[in-house]
Amino acid sequence: MADVITSSTRYAGSSIQKATLVVGVVFLVVGIAGFVPGLTSGSLAGAGNGSMAMLLGLFQVSVLHNVVHLLFGVVGLVAASQATGSRMYLVIGGIVYLVLFVYGLFTAGHDSGANFVPLNTADNWLHLLLAGGMVALGVFLPRIGTRASARS
């Protein structure tokens, strides 16, 4: 007799859960990298455009920016436990990054109190790429994968 096992009941068992796990791990790695001298150069400040730290010499970061990446990564790891949570994480997270992109259009590279994250042009383009990629993964990846296994 064949038994149907839904892979979405296992941790990161479906395609969307695996994608969420990968996205979450990437955010964790980026958050950690933002604190590692050598990967991050310059003066790391708590928040604001005053942080002159550059991750990989390209992306402006601060302690706040790094902590947000770490938290976003942890949420991704938790969301990967369920297909529905994975879809929500990717779609809502993508929308958040789209809003951050629009916000960055007005604040990136400006020395003002509004640029508290901080953001530069490279961050802004990355946020647009993340927004599109995360929403696409959340919308187009199947939520549930099934496989039949034979029982003896």
Side-chain angles (χ1 to χ4, degrees), residues 6-145:
T6 59
S7 57
S8 63
T9 59
R10 296 188 324 248
Y11 183 77
S14 68
S15 298
I16 197 159
Q17 289 171 276
K18 284 178 176 65
T20 299
L21 178 62
V22 169
V23 170
V25 167
V26 167
F27 276 110
L28 283 174
V29 168
V30 168
I32 293 167
F35 291 111
V36 176
L39 294 176
T40 300
S41 58
S43 175
L44 185 66
N49 199 40
S51 179
M52 299 314 295
M54 300 294 281
L55 178 60
L56 303 175
L58 239 147
F59 305 103
Q60 190 175 8
V61 294
S62 66
V63 172
L64 174 63
H65 207 154
N66 294 334
V67 168
V68 168
H69 286 142
L70 290 170
L71 292 173
F72 212 78
V74 169
V75 171
L77 297 183
V78 172
S81 67
Q82 296 180 357
T84 303
S86 294
R87 182 172 308 285
M88 286 177 44
Y89 172 79
L90 291 170
V91 172
I92 293 171
I95 292 168
V96 167
Y97 272 97
L98 183 60
V99 169
L100 194 54
F101 166 74
V102 172
Y103 167 76
L105 289 175
F106 299 100
T107 63
H110 292 94
D111 189 19
S112 74
N115 191 9
F116 65 92
V117 177
L119 300 171
N120 64 11
T121 303
D123 288 311
N124 220 26
W125 285 109
L126 181 60
H127 292 156
L128 180 61
L129 180 70
L130 283 169
M134 289 175 73
V135 169
L137 287 171
V139 169
F140 295 115
L141 281 178
R143 204 174 95 179
I144 297 174

For the student: nearest non-hydrogen atoms of [X] and [Y], plus distance:
X: A131; Y: L98; result: CB-N, 3.5 Å
X: L137; Y: V23; result: CD1-CG2, 4.4 Å
X: N120; Y: Q60; result: ND2-N, 3.2 Å

How about [X] and [Y]: do any of their side-chain heavy atoms sit closer than 4.5 Å?
X: F101; Y: L130; result: no
X: M52; Y: L44; result: no
X: F140; Y: I16; result: no
X: L90; Y: V135; result: no

Separation of [Y] [atom2] from [X] [atom1] (nearest 0.5 Å):
X: R87; Y: T20; atom1: CZ; atom2: OG1; value: 9.0 Å
X: L126; Y: Y97; atom1: CG; atom2: OH; value: 8.0 Å
X: L100; Y: N124; atom1: CG; atom2: CG; value: 7.5 Å
X: F59; Y: H69; atom1: CZ; atom2: NE2; value: 9.5 Å
X: T121; Y: L58; atom1: OG1; atom2: CG; value: 10.5 Å
X: L55; Y: L39; atom1: CG; atom2: CG; value: 7.0 Å

#### Entry: Full working for side-chain contact (heavy atoms from CB on, under 4.5 Å) between V30 and V61
CA-CA 10 Å; V30 168; V61 294; over 6 Å; no
### Task
Show your reasoning for whether side-chain contact (heavy atoms from CB on, under 4.5 Å) applies to L119 and F106.
CA-CA 10 Å; L119 300 171; F106 299 100; over 6 Å; no
Under a 3.5 Å distance rule, please check whether [X] uses its side chain to pair with a backbone N or O of [Y] as donor and acceptor.
X: T40; Y: P37; result: no
X: S86; Y: A79; result: yes
X: H127; Y: G104; result: no
X: N66; Y: V63; result: no

### Which residues share a side chain to side chain contact (heavy atoms under 4.5 Å, CB included) with V68, sequence neighbours left out
L64
### Query
Does the pair I92 and M134 meet the rule for a side-chain contact (heavy atoms from CB on, under 4.5 Å), with working shown?
CA-CA 9 Å; I92 293 171; M134 289 175 73; over 6 Å; no
### Donor + acceptor pair across side chains of S14, Q17 (<3.5 Å)
yes
### Message
Students often mix this up, so state it plainly: with edges at 30° and 60°, are the rings of F27 and F72 parallel, tilted or perpendicular?
### Response
perpendicular
